[in-house]
Structures are given as C-alpha cells and as structure tokens.
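Chain identifiers are assigned alphabetically (A, B, ...) following the order of the sequence lines, protein sequences preceding nucleic acid strands; residue numbering begins at 1 within each chain.
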Amino acid sequence: MNTFESWLLLIIIMIPLIGAAVFIFMPKDREEMIQWSATILGLITMVLSIYCFAAYNHNDGGFQFANSWIWLDLPSNPIIGQQAIQLNLGIDGISAPMIMLTGIVMFTGVLASRSISDRPKEFFVLFFLLISGVFGVFASLDLFFLFFFYELSVLPMYLLIGIWGSSTDFKTFIRTKEYGAMKLMLYLVAGSVLIWISILAIFAESGLGTFLIPALSEIDFNTTFQLIIFPLVALGFGILAGLWPFHTWSPDGHVAAPTAVSMVHAGVLMKLGAYGIIRVGMFLLPEGAEQWAPVLLGLGTVNVIYGALSALGQRDLKYVIGYSSVSHMGYVLMGIATLNVIGLSGAVLQMFSHGIMTALFFVVVGVIYERTHTRDIGVLEGIAKKMGWVAVLFVIAGLTSLGLPGLSGFVAELLVFIGLFQTYPILGMLGIIGAGITAIYILRLVAKVFFGKLNEDIWNNMVDSKFSKQADSNYWERVSSVVLAITILVVGLFPFPFIKVIDTGVTEILAAMAGSL
Amino acid sequence: MESNNTLGLHAAWIIPSISAVAFLIIVVSMRIAGYFYSDRTKLALLAPIVSITAILAGFILFWLVLLDVLNFGGGSISMNWLVVGLTEIRWGIFVDKVSVAMLGLVTFISLLVQVYSIGYMKGDKHFEWYFAIHALFAAAMLTLILADNLLFLYFAWELVGLGSYLLIGFWWEKRSAAEAAKKAFITTRIGDVCLLIGIILLFKATGTFNISTIFHIAESGGISDAILNSSILLIFIGAMGKSAQFPFHVWLPDAMEGPTPVSALIHAATMVAAGVYLVARMMPIFELAPEIMLIVMIIGLITFIFAGSMALVMSDIKRVLAYSTISHLGLMMLCLGTGGVAAAIFHLIVHGIAKALLFLGAGSVMHSIDNETNIWKMGGLRHRMPITAITFFIGAASLAGLPPLAGFFSKDELLLSILHDGQYVVLAITLLGVFLSALYMARVAIVPFLGSTPKHLEQSHESSSIMWVPLVILAILSAGIGFLILPLSSTYPGWAEFIDPSHHFELEPWLMILSIILALAALIFGWSVYLRKSVSAKQIIEFAPSFYKTILNKYYIDDLYQWIIDKCVLAFGNLVALFDRVVINDKAVDGSAISVYMSALKTRVLQTGYLFTYGAAMMLGACGLAILWWILLD
Amino acid sequence: MTSLIIFYLASCVVLGGGLAVVLSRNIVYAAFGLIASLSGVAGIFILSFAPFLALVQILIYGGAIVIVIIFALMLTKLEDFRTLSDHKHWPIALVTSLITLGIIISTAFYRPANLTSRSGLDLSKLADELFSKWAVPFEMASLVLLIALMGGVIMVRKIDSRDDK
Amino acid sequence: MIELTHFQVLSGLLFAIGLYGVLARRNAILVLMSIELMLNAVNINLIGYSIFMNASESHRALGHVLIIFVITIAAAELALAIAIILRLYRNKSSINTDDINIMRW
C-alpha cells in the first residue's frame, strides 16, 4: 500500500473539515466564491471516495487503507500496560460503499444547495462539518473516534434545520422547523447516550484498555454481558436508523430540514445507525445479536409495513418521503437481523441504494418547494407540464422506491427477501407486501402531483415570481439529480461489483460471529 | 441444455438488447437534440427510425433463431449477474419452440404497430418519447420471453409493467389517463408481489432460479407439496394480474386510455399474454399440482364468460375489444388448466394477431372520426374507409371462429384440449362462451361499419397508407396462419406435435361442426339484432333489466375495488398515519416531553431566587457530602 | 502559656467582632465589628510568627476593604437601612451554621493531630517561594485584580439610559 | 500550650458565624461582610496548619502563599461585589436580598 492510500481516508475526512475552517474566514458577501469552492471541494471528495471504493481490493478483504495516529495516551495500567486512544482509520467491505455514498450525497447536496441565499457561508461551514463527521464514523476503527465523529455529525444538524429549515403549516397540522430540529436533536442525543454507555461498558468489560474495534472483536464477551449490552447498542443506533417506535424524529426532521440536509440526513445519517448496529452490535457482540435478532426483525417488519401505511396517509410531499424512509430502513433492519450472507449483503446494499434514492427524492422535492412554496399534495397537480426534469427524476426515484427491477432498490430488496426467506418466510412475505404498499403510495403521489391537467391559474398564483419563466430545475440541480439517477441505474443493472465488495465485509462479520458462537 | 450451435442463441439475446440500446439512443439523442434545435419537428422522425430499425433487426434475427431451433432444438446460455456468498444469481436466456414462437409474434406485431404509430401519433407533443417507451417495452417483453430463470423473468415482467404504465399514461395531462396508468400498475403489482413471493419460495426450496433446474428438482420430488402448491398458486396469481384474469381484470379496460396502437401492442397481443406464457412455460411444474390446475381452469372459465358478457354491452369500441381480450385470455388460461399448452399458445398467437388487427382498425377509425369511440355514434364506415372495414371484418370473423380463418382452428384446438381432459361441464360452458364471443364480435363489427352513415361522419376518410398497410398484412396473416395447425408436410407434423411431440394432430368433427354452428348462429343473431333490427335489443334487455344494469356496471367490481381502496386501504393508511401522529408522536413522544415540562413546573418552585435558599441548600449539601465521605471512609 | 492567653484574647476579639457583624442592628456598628474581627485575625497571625501576613491583613482588610465597604454604605443612602432586620428564616440559618460548626469541630477532634510544636516561616523563605514556584499564579492574581478593577469601573460608570433599561 | 485544635475550633466558630451572617442577614453589604468573615476563618485554618505541620519549609510556605492569594481574591471579589451592589442600588433602589429575586423561575 502506498503512502497516498494510507493517508486517503484521513484526507477524505479532512477535506470537508478544512473546507469548513476555510469558509469561516471567507468574506461573507462573496457568495459566488463560497459556492464555487464548496462545489469543487465536494467534487474532489466525491472522486476520492469513489476511488476509495474502486480501489478496495475485495480479494484481500479486511480493513484496508488502514493507518493510525495516537491521539491520547491513557494512564498506564500495571496489568494491561500503556494504551492509547488512536485515530485508527480503515474501511472494510461494509464501510467502503458507505464512504462512496457519503461522497456522492455530499457533492449532490452541495450542488442542490447552491441556490441557498440566506447566509450561505454559515450553511456550508455547518454542512461540511456534518459531512466530515459522517465520513469519520464510516472510516473509524476506534470506538472512541466512532463516537466522536458520530457526535460531530449530529450536532450541526440542529442549527442547519433550525435556521435554514422550513415549517409545515396546514391549518389542521402545524410543525415548525424549530420543533423538528429540537426533536431530532433530543432523539439523537438520547441515542448517543445509550451508545456511549455501551461503548464504555465494552471498553471496561474487555479489559484491554483499548477502543480498537479489531482488537475488541477478538474478545469473547460473556453471554450475559452481550445480552444486556446489545439492546443498548441496537436501540442507540436504532434510533438513528429510524427503528419503530423511535422513528418519529425522522419524518419531522426530514420535513423541517433544507434540501441538502434532508439528503444527507435521510441519505446518509440514518445509515450511520444501521452501520453502527452492524459494526458495534454484530461485530463485537455476536451472541447478543444472535439472541436479539428476532426482536430486531420484528421491529424491522413493523417499520416496513407501518412506514408504508403511514406514508399513504400523508398530505405533505416530504412527509411521504420521510415515512418511506422509515419503511425502507425497515428493510435494512430486517436484512441485518437475518444474520445470513444474502440478507446482510442486501441490507448493506439497501443502505446504499436508499441513500441515493432518498437523496434524489429530496433534491426533486426541494426544487418543487422552492418554486411553488408548497408541498401540499392536495394543491399540486399536473406540474409535470412545467417541470419535466423534476417529474422524470421523481418518477425514477419513485420506481426505485417501489423496487422496480433495473434500479438499485430491487437488487437490495431482493437480497433482503431471499435472506429472509431462508429463516423467516412469513416476515419475508410481509416485507414483499410492504413493497406492494409502497407502489400504492408512490404511484398515487405521482399520479396526483405530476400528472393530470395543470390548472394555470393556481399555478401562476403558486409559483415564485423568480421562477415564473423557467420553473424547471436549474442546471446545478439537474446535474445533482442526474448523478444520483445514474448511480441508481448503474447499481440496479450491474450490482455485481458492489455486491462483491459488500460480500467481503459481510462474510467477515458473519465469520467472526460464527467463530465466537 | 448446452447447445453446440450457439449462433441462434447469440442472436436471441441480441434481439432484446438492440431494442434496449434503441431506447437509450432515443432518450439521449432527444435531450441532446433539444439543446441544439429548438424546432423539434425536424428531428421527430429520428426516434421512429431508430426504434423501428431495432425491432426490424430483431424480427430478422428471429428467423435466425427459428432456424437454429428447428435444426438444433434450442438451448440456453447465461452469465453471472450476482454472486452473494455461495449463491449465484444468473442472467440467461433459453430458447425453445414456445419461446421462439412468442419471439416471432412480439417482434412482428411490434414492428407493424410501430410503423402504424408513425401515422397515428403524427404531430404529438411527445412523439419521440412514445417511440422510446415502445423500444423499452419491446426490450422488456422480449427479455421476458427469453428469460431462462424466474428472477430474470420477473425482472423483465416488471419492466414490461413499467412500459405499460408509461404508455397508458402517455397522455398524462388527461386525469383519466393518469389514473388508469396508476390503476394498471397497482393492480398488476398485487399480482407481482405474489409472483415474487412464489419465486423466492421456489428458490428457497431448490436453491436456484433456473427454470429447467427447478423442473428437474420438482419432478424428482425435491420440493415438498405444501411449498410446491403455494408457490405455484402464487405464481399463477402473478400471471392472473398480468393477464387481467378475474378478479384482476379491472385494469385492462381502463388501460384503453393510452394511445390505440399501444392497446394493440401491449393490451392485446403481447403484455397481457405474458401471464399465459408464464403458465405455459411453467406447465411441467403446474402439472405436478392438479389442484392448482383446476384453479387455473376455473379462473379461466369465469374470466371467459364473465368478460364476454361485459364485452356484449359496452358501447366504447376499445372497451369492447378490451373485454374481448380479457375473455380470450381467460379461454387460454382455461385451456392451460386442461394441460393444452400447444393449443393455448396457438390461440395466443392467433388472438394476438387478430386483436392487434382489430385495435389498429379501431385506431384507424378513431383517427379519422376525431377520436370518437362510442360505437353507437358510428355507422356505415364501410363506405368511407373500405380497407379498414374489410380488415376489421377479417379480424372479427377470425376471432368469432369462422372457418377457414385462423381463429376457427385455434378455437377448435382449444375445445379439443378441454374435451380430452374430460371436462364435459366446462366444455358446455365454454361453448356458451364461444357463442358469446362470436356475438360481441358481430356487434362490434356490424354497428360501426355497416348500416347507414350518420351525418357527422360524412367527412371521414381512409387513413394514410402507413396505417393501412400494417392492417392488410395483419389481415392476411390472420386469415392464413390457422393452417399451421395442420400437418402440412412430412417434416411438420402439425402445431400440436411440433410444440409437444406427445400430442398428435387430430380432429373431432362433431365438435368442429358444433362450434361452426354456434358461431354462425351468433353472427346471424347479431346481424338480425344490430343491422336488420328484426329482433329488438330493447326487448332482450327488458327481459332482465337489473341483470343488464349489473353487467353494464361491470358487475360493480370496479366500484367494489374503488370502495376497498378508498374505504379500507386508504382509510387504514390514514388511521396508521393518525395513530403515528396522535398516539406515537403526540402522546408518547411529545407526551414524555410534556411530562418532563410539567414536572419541571413543579420543581422550579425550588428556584426561589433568594440568596438564603441557595446558600442554605449549598451548605447543607456540603455538610451532607462531608458526612457521606466520613461514613464511607470508615 | 502566655501565648495561649494572648490567643484566647485574640479569639475573643475575632469572635466578638464577628458576632457584632452578624447580630448588630446598625450597619455602621457591623462595619466596626468587622474591623475588630479582622484585627483579631491579624493578632492570630502575629501569634503564628507571621508578622508579614498580619501587616498585610491590617493593610488590605482594615485599610482597603473595610474602607471600601464604608464608602459603599455612604454611596447607598444610609438612612434607608439604619436599622436592619434579619431574614424571617433566621432559625434555619442558625441550624445550618450550627450543623456546619458541628462537622468542622468534630473533624478537628475526631482524629486529633496533637501537633504542638510551632515553627514560623522566614519572610525571605516566603518571598523565595512566592516569586519562584508561585510566580505565575502570583502574576495571575495580579491580573485578576486588574480585571476586577476594570469590571468594577465598567459596572458602576454612568451609562446612558438606553442601556439602563 | 496552643495546639492545632485551637486554631481549628476558632476557625470553625468564625466560619459558622460568617455563614449565619450570610444566610440570615438581608442587607447585601452585610452579607458581603459575613463572607469576609468566612474567608478569614479559612485563613486562620491555613496559618494553623502551616505552623504546626512537621514538614519542610517550602511545604509550610504553601499556607502563607495561599493566605496571600485568599486576601488578594477577597479584595478583587469585594471590589466587584461592591460595584454590583451599587449598580443594583441604582436600578432597584434597594440592596435587600429579599427584593432581588430576578433569578426566580
């Protein structure tokens, strides 16, 4: 491994961080400059993250691009000797696609935020901080830093939603952005408390005096300990993954957040939860995972069906997508809980696929909202006439969501289903039925909002005067959404390269599980 | 199954690929051209040229495949698509006599329909897009036919559904078209969900998606009865959805909101036949489950009669044809239920050609009379558009079962197959259905084309040649293809034996004569009711007015579904959403926040703001800590 | 023995002054009580061989702090609180302070150190320590004083009415 | 002979008196004075330990150093406290702690 590769992950984490620091010192009124530098940094990061995935050698497996820097020497302990908290970076087959996902969503998110005119400088500072944290979580092999980056990615959300967000105001149903931000924050902090408790418990129980994940995974924790700690881990990370019944922050948060933040939030941040369950829960506490898997599976099934049905009853475009995220994350949880190669690979691929798909959804809905200042399904009708690109891309995202073959959602869900049928055929059937319900709400939405006759009067009243000539997405938004759509197509048609890498990581985790059982 | 000669097989996988590439080319070039030329009409012909070239190439390659199948008996090739753990999921194609027959049908009809569409869709806003979806649909449908494993088949199956969705909703600015597209997708989706479950169940039992391997395992008893029966039933439900069998038939009549050539291609000849094709394809495994075969037969029978009765009362020409399609698909299913694969496929082909002809004819009529679809507002069009009229008559007569047209032979084969299965009651009911189908065909042919011409149709005229040439080709085929059933030469032992060597060509004269009599009787009856009016239709209606009303309202099934969707599914969705909002969110989540707030209201009284309180509390606390420390220390 | 008597005398002054501070009804008496008490503490310092500290005590407390307090009394109209009333919860205050007293005294007697040999500290030694080992904190303390001074000035300077509200 | 205990008891008594003053008096200036008493109580304790400890000179110097710091901080604290009181008096026309409860819920 050459020097560049061993520094690659650090570079990927640091680019947004340094970018954020640089933005702070940029003059406020030079918006163009800030937007351009954000775009360029985003592009570089995306390219690097894709390189990172492509260069991952799936034959060797294991943690690659690994490198470590000692951050803090813990007080020396006579029994275990001198140990340190290290910034230990490395990716395996599960985190590699997640890194790529983050890179893609970051770049497209920056493109989609170019239209932000309210304090763009501060927006990009916080946004880059958030992204840096997300990269950090996926790349960290040290529980301490995993938690550190996790918090780093959670905290900026509050400001991003609270300041740049948008409120829902139907006469009968009001959710302010402050409410959404606060709720999201409280939930995620509650989750992180559980995570921190369990991380410290694992640290103490191991007796190694280290937070290193590979070292900790060698240890067989005793069964009682695993049985007690796994639910804490699963719940703590599960909150972030939208685990029922702790999911309500997610639709409210998605709806309140500005476009780019919704994208990162639904696209990547929720994946942190699922990733944490795999990395910390399953990898370190295999027996606990084994014992609690049925519960996780049951909750995942509830997520799928419940999320889909809830989405059916929503009026706000973003709420529909918010609940569809809850539903789709259910597939991830189900896939994780199958504890077999196919299901788990499906879960990881679903994380990737759903990330891209939701990001696409939110770009498109963001465009609609910016142009019309409404997301009310009851009001919007036939807007495909004015917004051709938006309609096409929304339909692509919708079809992905309902699992149309040829798009990424199908492959992922199929693998989850096959995995489920190995162990729990009935739940597998419920999962497939959930996909059927998804078809209902997506197609209803598409038929109502995009198709049908456009009422010109309503439209002229609704549309922002800035956009009355050209209501369709601008070039940046088009590039952003087309990048996402192409990713969906590529993964849907040629999933093999992705699955190969994911499979490596999944196999190792399951081997570790089998070894310790 | 590996074939030595793979030339034909390679040709086979190229066929759908060309169309897929054509789809991409059209979509991309549309966008790029849009940036350079503001005047789209100059480029409009680009799209049909690309897509028609693609499908023409497919049609030419079809002959190569056919030759290969005739000489070497087909085979399969496949490649890896996915490897997960130890499980391989492959993409592959499989060519045999049935699939090659379907291949010919689909490429041929697609070709004609696309040519026809150039004339029909001229001047439409989204002209290029229309041909793009056509190419996409053709690619998907051809893939479906060729797929050698169930997953790949499902893959194509869904894409076919997508093509249908896009084409039905092609005029999406019409609310009804948008709704119809949605309805079609969702209804078939219900079937698809079952199909996927069935496929995965089979995968679980056998560890493979490959159809022939599944057959081997199933035949050697490697699958338990429960799994086998349930998965076959689920697969059949999938087929029912696509083939619009009762009770999933509701989407097909609504799908007529799409452009008429689309109805001809997708909703008559190809996509709806996919269900029948699937069942035929899976026949070896269906035969292992006689109970399911019985269900297939009964569903087919119900659909046949039931849709036929509705076809008899509809006044929209396309809807009549749609119900007739459903009815004929039911007939094919019925036949498959008795094990008659060859007969069903033969009827599929004959019906596909004839129905495409009828739809294109109907389209031609609509095109010339300003998109009027109500048959009662037409009449005497025979004089205005003779070619359309004659070809339409040929198609109708073929489907009505008049000798020596193709429909006569195929229907005869079907009846024979039912007879051989020993289902006499079914046979009797089927004969009633044959009468019905001849009657509605007479109605839909006689009312618009014969009789006197109403005033407002004086201006109507024959369509352009690009539209009537396909009609003529189809009419010729529709008339002549029936003879394929006969053992024409020493090497060709007749259709049935060609498809399935265990069958032999035979005739049952009394059945043949009976069906001819029934068809003729229906035609005469129709002629006297609708043309000579010697028998009043009104009197017949008054015979059982409520029954008539029920049929006219499609047996209230659409209303029932609407009710279920509105009152059950949506209401349930709303209920869950409300539950989420009220119970989970407001009570549990905000409730916990509120309870914290309320307890804070109680405890905040401690914050008196007086120095005294804080000082005393602090000091007492320090004392308490001191005492604690003391106690702990000793 | 003499030192013990002096100690008791000084203690009486300290405690008496303290009691005068907390019990007197007149705030000026209280201020004088404070002076007495602080002087008593200075006496204790002398007894402990720390004349420098005693000097500091007199200078800073007696000379500066109490003067500042008396200035404060003058700046706030003295007539407003010529007679002072106690808090109505004074019994609780009494109990609290008695408990504290009990704990402090019981710690003193719980494990008596029995140290009787006294030894003072040379002033030069103190200076050595203060300006070598404790130089940085010492400078910090001067900074604190400076900042407190500035804070005091800012706090009491006349501000235009806009900020007053 | 004077013992360490003497210092401790004296310091404790003065501390208790000061504490009583802080808690029981209502006049802010008196409260300040009582705080001074408490600080002095601490000083007595410190000097007591400093002279009775069997330790090196540099260790015993610590007590003296701390006393100097305490006095310094007391002066600083008082300067600020008086300023605050004056300010309060100007705004509220009262330095009665009972009247100053803006920190109340």
Original post:
B:R175 and A:E381: which non-hydrogen atoms are nearest, and at how many Å?
Top reply: NH2-OE2, 3.0 Å
Subject >> Beyond-backbone contact of A:L312 with B:N574, side-chain heavy atoms, under 4.5 angstrom >> reply: no
Subject >> Heavy-atom closest contact (A:S310 atom, B:A577 atom, distance) >> reply: O-CB, 3.7 Å
**OP:** Go through the atoms of A:N340 and report whether side chain, backbone, both or neither lie under 4.5 Å from a heavy atom of chain B.
**Re:** neither
Subject >> From B:I186 atom CD1 to A:L443 atom CG, the distance as rounded to the nearest 0.5 Å >> reply: 5.0 Å
**OP:** Can you establish whether the number of heavy atoms outside A:M185 located under 6.0 Å from its atom CE is more than 12?
**Re:** yes
Original post:
Looking at A:Y179, A:F417, A:Y306, which one has more heavy-atom pairs under 4.5 Å with chain B than the rest?
Top reply: A:Y306
Original post:
Using a cut-off of under 4.5 Å for heavy-atom pairs, which of A:L404, A:I502, A:D252 has the most such pairs with chain B?
Top reply: A:L404
Subject >> A:R444 (side chain) donor-acceptor with B:K182 (main chain) under 3.5 angstrom >> reply: no
Subject >> Residue among A:L420, A:V341, A:I342, A:I432 with most heavy-atom pairs under 4.5 Å to chain B >> reply: A:I432
Original post:
Which bit of A:K183 comes within less than 4.5 Å of chain B, counting heavy atoms only: side chain, backbone, both or neither?
Top reply: side chain
Original post:
Of the backbone (N, CA, C, O) and the side chain (C-beta and beyond), which part of A:F246 lies under 4.5 Å from a heavy atom of chain B, both, or neither?
Top reply: neither
Subject >> Non-hydrogen atoms of B:K204 and A:Q422 that approach each other most closely >> reply: CE-O, 3.9 Å
**OP:** Specify which of A:I433, A:L493, A:T507, A:V506 makes the most heavy-atom pairs with chain B at under 4.5 Å.
**Re:** A:L493
Original post:
Checking heavy atoms, do the side chain of A:W249, its backbone, both or neither come under 4.5 Å from chain B?
Top reply: neither
**OP:** Sort A:P495 into side chain, backbone, both or neither according to what part of it lies under 4.5 angstrom from a heavy atom of chain B.
**Re:** both
Subject >> For A:P405 against B:E158, the heavy-atom pair lying closest together >> reply: CD-CB, 3.1 Å
**OP:** Would you check if A:I437 and B:F572 make a side-chain contact, meaning some heavy-atom pair closer than 4.5 Å?
**Re:** no
Original post:
Do the non-hydrogen side-chain atoms of B:V193 and A:M429 ever get within less than 4.5 Å of each other?
Top reply: no
Subject >> A:F496 versus B:W81, closest heavy-atom pair with distance >> reply: CB-O, 3.1 Å
Original post:
Do A:F410 and B:Y154 have their ring centres less than 6.0 Å from each other?
Top reply: yes
Subject >> Choice from B:L578, B:L570, B:I190 maximising heavy atom contacts with chain A below 4.5 Å >> reply: B:L570
Original post:
Does any non-hydrogen side-chain atom of A:L402 lie less than 4.5 Å from one of B:R189?
Top reply: yes
Original post:
Looking at CD1 of B:I200 and CG of A:L414, how far apart are the two atoms once the value is rounded to the nearest 0.5 Å?
Top reply: 5.5 Å
Subject >> From B:F203 atom CZ to A:F421 atom CZ, the distance as rounded to the nearest 0.5 Å >> reply: 11.5 Å
